[in-house]
Amino acid sequence: MLLAGGPQAVEELRRAGVRRGAPVALAVDAAAGVGMAAAGRRLAVPAADADPASVVDEVERVLRPRWVWWDAGTAVRLVAAGVRVATCWDLAAVDRLLHGGWRVDPAVVWARAQGLPLDAAPTGPPDLWSVAADLDEDGGGDGAADGPVRRDGHLKATWVDGGWAAAPDRLAAWAAAALAAAERQQERLRQLDRPVAAAVARSESTAELLCAELAADGLPVDRAEAERIIAAVVGPRARSEAEAAAQRARRDAEVLRHVPGLEVDLRSPGQVRSLLRRVGIEVADTRAWRLEALRDRHPVVEALLAWRKAERVATTYGYGWLDRHLGADGRLRGEWTASDGAAGRMTATAGLHNLPAELRGAVVAEPGHVFVRADLGQIEPRVLAAVSGDRALAAACATDDLYAPVARSLGVDRETAKVAMLGAMYGQTTGRGAQVLRRLEAAYPVAMAYLAAGDEAGRMGRDVRTYGGRLVRLGAGDERRLDEREARRRAAARGRYGRNALVQGAAAELFKMWAVTVRARAAPLGARIVLCLHDELLVHAPADQGDEVARVVAACLDEAAGRWAPGTDVRFVVDVQVVRRWSDVRG
DNA sequence: TGCGGCTATTG
DNA sequence: CACAATAGCCGCAG
């Protein structure tokens, strides 16, 4: 059905019974317009009749549905057009949750949702062959023949490759296919037999939306302050390549003057090792923690460690980094991925996730604003208590510092208890932690068995599923021609990976549920999340709303934990502070 | 030119 | 120096 604009679309959707939170599939193309599908109807608004962004915005404001789309590309397009919607169902994100790993295109998402054999799905851009085949299907005569789906059930290569954007009615048909795929995904989530999986699928979807916003909004950074910090370490900005080379040489000389007559490239670990050998220091490698203990042996060690710090700033977090990532509007922007790596953590580029502590002084709220900074306390052991159902560990979570009761249970000091608990979650098998591990097994048998099961699965190359339903692939890979020792070493590494993925992955699920809850509840106060850091949120808020946002952020943790682990008696804790700059956070 | 190793930063 | 990540430079193979 062709419509003229947003109000008419709202009317049609309302007549179809669409209410707040109901699925409305969406396909947007700036040139062609908007296609929607919901409750058995297909609607299209040509771009010639109404601005696509305004149509989506109108429907959002009046109906606030759960938007269903193929992948985060739609989220990125909406955010770029200035449209912020509340919630979505991201087929690609849910596909990664259900099936693990890699980023995939609609052809694969569709095939997996429908349970079709993947080897028959179209791959890559269409070639002469698949174009002819799709045309042949279109001419087949039956009513739906010119839709996006082939007779064998797979999507047509020409549609996957962008054919959906050719005309308004195609946008609507593409949206209808997305809606059908979403329904099949929900069925698959139900089959997982994990009541929380559907809620996780929703928050993982909305986390994709949050990532699109984080990438667009950026992190407020005071350029002058950043340049002051950098200048204090590496000096003023070089005006030419020659000047930069001279600065480098000057830094190098500060180290080399301690070893006269030696020609050494300090950037080469091998040469640094020979340098140290020349002054009587023999080391297996030259990492800082190892050199730290040798500071007194020779003055060159101290100089080298200082050189390394400056070199880090000069190469990775120097003026070049500012120029590449800090916009004229004082926002530091990187790319965000909502579920990456081993277990579905968020990742970010541009140094957003590994900014050296010194530079946090340059992260300053804009005039009239504050940061509400919140971090989850001891999130991994608490998550372990929740997902494993260990009653004793859950009881320890009642205190703000869970390592205190754990230490009492084990009969060791707090530091030892902490190292042992972390060691259990990471798979440490040597040192002091390993000895205390046996006491941990006695005190918290359910939690430790949960970890051991992850370890076993990893060693066997068996995939695991996190508490929230994310499949973590642990396939053994190609290990022919490995000697016994190397094969054992790799199996042990996979064991640690599998053990940790269950905890880290579950923590990432809870974190994202918290983050999207904060996103929703803080928006009416004019506040926006500007940084997500695994267990920490930085929210940029109007100064007069700081305390209220802080209250909301804390309340959101209870709300998210209640949704993620209903009925659990595990207590989650959060530390919330209102600050003007990130470095003002007290430890 | 691509990739593994080394190193540093963060949670 | 366990688990995860990004990022830069060096040295070596192709």
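Sequence lines set the chain letters: A, B, ... in the order given, protein chains first and strands last, and positions in each chain run from 1.
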What closest approach, in Å, do A/A93 and A/S205 show between heavy atoms, and which atom pair accounts for it?
CB-CA, 4.4 Å
A/E282, CD atom: more than 12 neighbouring heavy atoms under 6.0 Å:
yes
Spacing between A/L510 atom CG and B/dG11 atom P, to the nearest angstrom
18 Å
Under 4.0 Å between any heavy atoms, over every strand shown, what does A/A343 touch: base, sugar-phosphate, or nothing? Just pick one.
nothing
Are A/T286 and A/R308 linked by a side-chain donor-acceptor pair shorter than 3.5 Å?
yes
Residues A/R331, A/D329: salt bridge by 4.0 Å N-O rule:
no
Are A/E509 and A/T466 linked by a side-chain donor-acceptor pair shorter than 3.5 Å?
yes
Tell me what A/G427 touches on the nucleic acid: a base, only sugar-phosphate, or nothing, going by heavy atoms under 4.0 Å.
nothing
How would you label the contact of A/Q271 with the nucleic acid (heavy atoms, under 4.0 Å): base, sugar-phosphate, or nothing?
sugar-phosphate
Under a 4.0 Å heavy-atom cut-off, which of residues 451-459 of chain A touch DNA chain C?
none
Would you give a per-nucleotide map of nucleotides 1-9 of chain B, 5' to 3', where B means the base has a protein non-hydrogen atom under 4.0 Å away, S means only the sugar-phosphate does, and - means neither?
-----SBBB
Pick base, sugar-phosphate or nothing for A/A350, based on heavy-atom distances below 4.0 Å to the nucleic acid.
sugar-phosphate
By nearest-nucleotide position on DNA chain C, the 5'-leaning member of A/R496 and A/T316 is A/R496
At under 4.0 Å between heavy atoms, what does A/R360 touch on the DNA or RNA strands: base, sugar-phosphate, or nothing?
sugar-phosphate
Looking at A/R267 and A/D252, is any side-chain nitrogen of the basic one under 4.0 Å from a carboxylate oxygen of the acidic one?
yes
Assign A/D340 to base, sugar-phosphate, or nothing according to its heavy-atom contacts below 4.0 angstrom with the strands shown.
sugar-phosphate
Taking 4.0 angstrom as the limit, do A/R489 and A/E486 come out as a salt bridge?
yes
Are side-chain N/O atoms of A/D400 and A/Q378 paired as donor and acceptor at under 3.5 Å?
no
Can you check the A/R373 CZ to B/dG11 C1' distance for me, whole Å?
11 Å
For the residue pair A/H353 and A/W336, categorise the inter-ring angle as parallel (less than 30°), tilted (30 to 60°) or perpendicular (more than 60°).
perpendicular
Please confirm whether the backbone N or O of A/Y426 pairs with a side-chain atom of A/R499, one donor and one acceptor, at under 3.5 Å?
no
Below 4.0 Å from chain A heavy atoms, what is the first contacting nucleotide of DNA chain C and what is the last?
C/dC1 to C/dG11
I need the single residue from A/R297, A/H258, A/R295 that forms a side chain to side chain donor-acceptor pair (under 3.5 Å) with A/E302. Which is it?
A/R295
